[in-house]
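This report refers to the structure that appears directly beneath it.
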Amino acid sequence: MSSRSETVLGNEYVFSLPAVEVDGELPNGSKTDLLEVTLNYTVAKEAPIITRKAAITPEP
């Protein structure tokens, strides 16, 4: 699982979660129902990897 985020200054962060445990309740419904589900995840067994890509500052 990975996710990206960017700050207002243009720095980019990539969060890589190699192993997670997911839990939550699954809703019941038919094929035509719109369902909403909330899942929680916990990092498991391996530490997350956070990579920062610095914003490129133009030279004057």
Side-chain angles (χ1 to χ4, degrees):
M1 177 178 173
S2 67
S3 175
R4 294 180 182 269
S5 180
E6 189 173 320
T7 66
V8 294
L9 299 175
N11 297 314
E12 182 180 345
Y13 293 87
V14 177
F15 302 89
S16 178
L17 307 171
V20 296
E21 294 178 358
V22 179
D23 71 355
E25 294 186 26
L26 296 177
N28 292 322
S30 68
K31 288 196 291 188
T32 58
D33 291 340
L34 293 176
L35 304 174
E36 184 175 317
V37 63
T38 300
L39 299 174
N40 301 305
Y41 64 90
T42 305
V43 175
K45 298 181 184 176
E46 292 184 48
I49 301 165
I50 303 171
T51 307
R52 177 180 177 255
K53 181 179 176 184
I56 298 173
T57 307
E59 293 188 30

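In what follows, every heavy atom counts, from backbone to side chain, and hydrogens, waters and symmetry copies are set aside. For the single chain, residues carry numbers from 1 onward in sequence order.
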Hey, can you pull the donor-acceptor pairs under 3.5 Å for the side chains in residues 10-17, sequence neighbours left out?
unit_1: N11; atom_1: OD1; unit_2: R52; atom_2: NH2; d: 3.2
unit_1: N11; atom_1: OD1; unit_2: A55; atom_2: N; d: 2.9
unit_1: E12; atom_1: OE2; unit_2: R4; atom_2: NH1; d: 2.5
unit_1: Y13; atom_1: OH; unit_2: R52; atom_2: NE; d: 3.4

Is it true that atom CG of N40 has more than 12 heavy atoms of other residues, nucleotides or ligands lying nearer than 6.0 Å?
yes
So for atom CG, which belongs to L39, do other residues, nucleotides or ligands contribute more than 12 heavy atoms lying within a distance under 6.0 Å?
yes
Mind listing the closest non-hydrogen atom pair of L35 and P27 along with its distance?
CB-CG, 4.0 Å
Cluster check I56, L9: I/L/V/M/F/W/Y, side chain < 4.5 angstrom
no
Given the rule that I, L, V, M, F, W and Y join up when any side-chain heavy atoms are under 4.5 Å apart, are V20 and L26 in one cluster?
yes
